Number of protein chains: 2
Amino acid sequence: MTEQPPAAPSALPRPSSAASAASGASPSGSSPSPAAASFPSPVRIIGTGLIGGSLGLALSGAGVDVQIQDSSPGTESLAVEMGAGHRPGATDAAPELVIVAAPPDVAARLVVEALAAFPDATVCDVASVKATVLSAVRRAAADPAAAISESDLARYVGAHPMAGREVSGVIAARGDLFLARPFVVVPHATSRAESTALVRRLGSEIGSVPLVMDAVDHDLSVAHVSHAPQVVASLLGASLASAPERSLELAGQGLRDTSRIAASDPRLWMEILSANAAAVSPILQEMRDRLDEVLAGLASHTGEDDPAQGSRRAVAQLIADGNIGVRRIPGRHGGAAEHFATITVLVPDRPGELGRLFTEIGETGVNLEDLALEHTFGQKVGIAHVSVQRGSEGLLTQALRERGWTVAEG
Amino acid sequence: MTEQPPAAPSALPRPSSAASAASGASPSGSSPSPAAASFPSPVRIIGTGLIGGSLGLALSGAGVDVQIQDSSPGTESLAVEMGAGHRPGATDAAPELVIVAAPPDVAARLVVEALAAFPDATVCDVASVKATVLSAVRRAAADPAAAISESDLARYVGAHPMAGREVSGVIAARGDLFLARPFVVVPHATSRAESTALVRRLGSEIGSVPLVMDAVDHDLSVAHVSHAPQVVASLLGASLASAPERSLELAGQGLRDTSRIAASDPRLWMEILSANAAAVSPILQEMRDRLDEVLAGLASHTGEDDPAQGSRRAVAQLIADGNIGVRRIPGRHGGAAEHFATITVLVPDRPGELGRLFTEIGETGVNLEDLALEHTFGQKVGIAHVSVQRGSEGLLTQALRERGWTVAEG
C-alpha cells in the first residue's frame, strides 16, 4: 500500500532554496532550480498558520508563484512580510493547485469553497485527520443545493505533511519544516490521477518523502504514531502539575523525553483528537484497560510491608509488551534499530569541545547516524550518545580513547 | 529539605579516573587523586549488576580498594575481570562501607546480613525504592530473634543514584554512569551522622550531586519523575505491538521520545513498581481518571460525521494541564527552560559535517547548552537542534548563515 518515491531530482531537499526561504531573504527573487521552474503555478495557500506559512516559504523559496490568503488580515500581512507569498490580485491567474491549511474542523468547508471558486484547480487540504474532511466534502458534492457537484470531487486529494512544532502560528513557520519528513498523499476512490500526481509532486517539491494511503489507513496510522503519544505525554505532563517542587529536582532524561510533546497547543489538539475520535478511542481504551490491570496488580501491594506479596503479572507483562512494541519503531534512517550501535562520550562543557569531538569523529571516517547530548542538574560536563552503524563502534571507541576522550560503549 | 553539595573538590567529576574505569584499564594501578586517597577503604559492594558494577568501576577507578561479591559466581567473575574490584580474601580488612546493590525485593535481607556481618561498617543500599527497604530493616532490628539490634539500625542509610540504562547486567556497567546525576541520600530518624556523611561522600566520590530526602519524600519523588513515566511509556510501547506495520512508517521524533524508556527491563521494573505501589498508584489512578474523561469526551464524536459536535472540554483541559506540568521540569543545567533558545540547523549526512558545524559554533564563542539531531525516513539530511543561552541565538544564527548553513530559529 505504501509507495516509495522515485529517485527524482525534485525529491531531494534543496538546502539553498530552503535557506533563503527560512531566512526570509529574496523569497521570489532567487533563481529557481530547473525542477522548481516546472512546478505548476500559481499555487494558492488558504490559511497561513505554522503549516500554511511554512508551505508558502518552501514553495516561494523554490521559485513557485504563491498566492496566500488568511481569514485574519493581520496573519496574512505577516505571512506576506515573511516571504510566504503575495496577496492574489484581481488580474492574477487562477491557481493550478489550492492548498487548504486549516484545522480539521474548518478544512472541509474551505475545500468545498475552493473547488467551487476554481473549477479547474486541484484542491488539497493538509489537516492532520483525513476521513472526516473527506466525508464532509463528499456530502457537499452529493448535495444538489451545494456549490459543487460529484465531478468536482475528483479534483480533491487529501494530504498530510508529517511535520510540526510545539509552537504554532505563522511566526514559527520555516521553509525547511518538511525536509526529509513523510508526506502522506490521501486520494479517494474518484480522485483524478493528475490531481493525485500533483499533490504527490507537492510533497517532493517541499523536500518531503511522499507515500500514499487511503483516509482510513492514514487516520489509524496517525492515531498510533501521533495522537495516542500526544494523549500519553499530556497525561504525564498533567500529573507533574501537582508534583512537589523538590520531586522535580530528580528529573532526568527519561522524564524529559517522555513528556516533551506535552507542550503542544491545546486548541489544535482538541480539534485533531475530536476529529479522529473513531481511530484513537480504541487505542486509548486498550491503554485504559491495561492501566486498570496494572492498578489492580499494584493494589495488592499497597499497604503491605512485604512487597513480595501479591500479583506482579500485570506489571511485568505491560513492561514486556512495551519492549516488543518499541522495537517495531523504524530507525531514523528507515532501518531497524538493531542496525545501529551507540557509544557514550564525556564532553567537558566548554566552547569548542563538541566541535573537537565531531571533528575527530569525522577524521576516523565513521559516519554519525545520530547524536544526543545530555546535561543534568547544573554540572559542567555533558554526555554525548553517538550512534553509528553497528560494527564500527569498536573502531570509533578505540580512536577516540587514543585521542584522550572518555568513552563507554552502549 | 534538599541540600546542595558543598563546592568540594571531590564533588567534581574526574574524567581521567572515570576514563580508566570505563575502559577497564589499570583499575587499581592508576594513581589515585588526593581526594580519592582519603576515601575510607575497603568498600564492599554486594551485588554486581549494572549499578553495583558501575559503582565498582567508578570507585576502583578513583583508587578505592573495592571488594565485590555476587550471588552468581559467573557475574562476580565478570565483574572482577572488568575491573570493578576484587573478591575479598580471608585476611582482608573488614569494610568501612558496605553497598548493597540489589533489587528492592532482596535489598533489605542483604542489608540486615551486612549489618550483622560487619558490626562497625556503615551499610547502604541503592535500590530505587526506599520506604519498603527501610521498614523491613527496621522490623528486623526490632525482632529479638534477629541477628541485628536497634543500635545496628543507626549504621544503615539508604541511597539512590539517579542513573540507569535501558540495558542491564554488569556487562553494561560503566564507571561514568553517575557523573553529574543526582544522588539521593536517605537517612532515617536514628541514622548516625557519620554514616549519613559517609554515604553522602560516596555520592560525591562517584561524581554525582548528593541531595538528602527522607524515604517517603524520595519514594513520592521517583513515583512522579521515574515510575509514572515508565508506566506511561510502556503503555504506549505496548499499544504499538499491534499497530499495522505501515503505520509505523509515519513514526517521527515525538513517538520515539515518548516511548524510548519502554525498552526497560520487565523483571526489574516489576519489582520497582510493586515496591513503590503506595506512592505510584495514586498518580496512576489520577491518570486513569483523566483518561476516562478524555474517552468520554471522544465518545461523543465517534461515528458522527460532523466533528464539531460534542464536548471537547476534557480533551482541551488535559492538553492545557500537560502544558503547565511540563513547564515545571527544570532545565538540563538546573535552570528553567525559558532561559534557553534553540536554533535549528540543516546538516548534510556526510562524515565531518557535524564536526564542521560544531567547530564553527565554537569559533563564534557561543556555548552549546544542548543538542539533538534528527533524521527521518531514509533521507540524507539531518536536522540539528542547537540550544544556547537565550540572547545569543541571534548572533549564532547570523554567524552560521554567513558560513553557509541553513538555519531556522525556534
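Note that the structure is predicted; figures quoted are calculated from it, not measured. Here is how names work: the chains are called A, B, and so on, in the same order as the sequence lines, proteins then strands, and each is numbered from 1.
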What closest approach, in Å, do [X] and [Y] show between heavy atoms, and which atom pair accounts for it?
{"X": "B:M162", "Y": "B:V184", "answer": "CG-CG2, 4.1 Å"}
{"X": "B:L295", "Y": "A:S281", "answer": "CD2-O, 3.6 Å"}
{"X": "B:P330", "Y": "A:A251", "answer": "CD-CB, 4.4 Å"}

Find the one option among [options] whose heavy-atom pairs under 4.5 Å with chain B are most numerous.
{"options": "A:A316, A:P244, A:A243, A:S259", "answer": "A:A243"}
{"options": "A:A320, A:A228, A:S387, A:G325", "answer": "A:G325"}
{"options": "A:E363, A:Q285, A:E286", "answer": "A:Q285"}

- [ ] Begin from the C-alpha positions of B:R174 and B:D176 and carry the test salt bridge (charged side-chain N to carboxylate O under 4.0 Å, His left out) through to its verdict.
- [x] CA-CA 6 Å; B:R174 42 185 238 237; B:D176 62 359; 2.8 Å; yes
Task: Nearest-0.5 Å distance, OG of residue A:S221 to CD of residue B:E249 - done: 8.5 Å
Between [options], which shows the greatest number of heavy-atom pairs under 4.5 Å with chain A?
{"options": "B:I283, B:D292, B:V294, B:L220", "result": "B:D292"}
{"options": "B:V232, B:V280, B:L248, B:L177", "result": "B:L248"}
{"options": "B:S239, B:G362, B:G237", "result": "B:G237"}
{"options": "B:A262, B:A233, B:G404", "result": "B:A262"}
{"options": "B:V222, B:N276, B:L284", "result": "B:L284"}
{"options": "B:N323, B:L357, B:D321, B:V129", "result": "B:N323"}

Proximity breakdown for [X] and chain A, heavy-atom pairs closer than 4.5 Å:
{"X": "B:L235", "result": "both"}
{"X": "B:E245", "result": "both"}
{"X": "B:R328", "result": "both"}
{"X": "B:M287", "result": "both"}

TODO: Any chance you could lay out the side chain to side chain contact (heavy atoms under 4.5 Å, CB included) test for B:L240 and B:L255, step after step, and finish with the verdict?
DONE: CA-CA 10 Å; B:L240 297 176; B:L255 177 66; 4.0 Å; yes
Task: Test item: side-chain donor near acceptor, B:Q230 and B:S264, under 3.5 Å - done: yes
Open item on the list: Would A:V315 and B:V231 count as a side chain to side chain contact (heavy atoms under 4.5 Å, CB included) here? Give the steps.
Closed with: CA-CA 9 Å; A:V315 176; B:V231 171; over 6 Å; no
Open item on the list: Which residue in the set A:V326, A:L236, A:D257, A:I261 passes side chain to side chain contact (heavy atoms under 4.5 Å, CB included) when paired with B:T258?
Closed with: A:I261
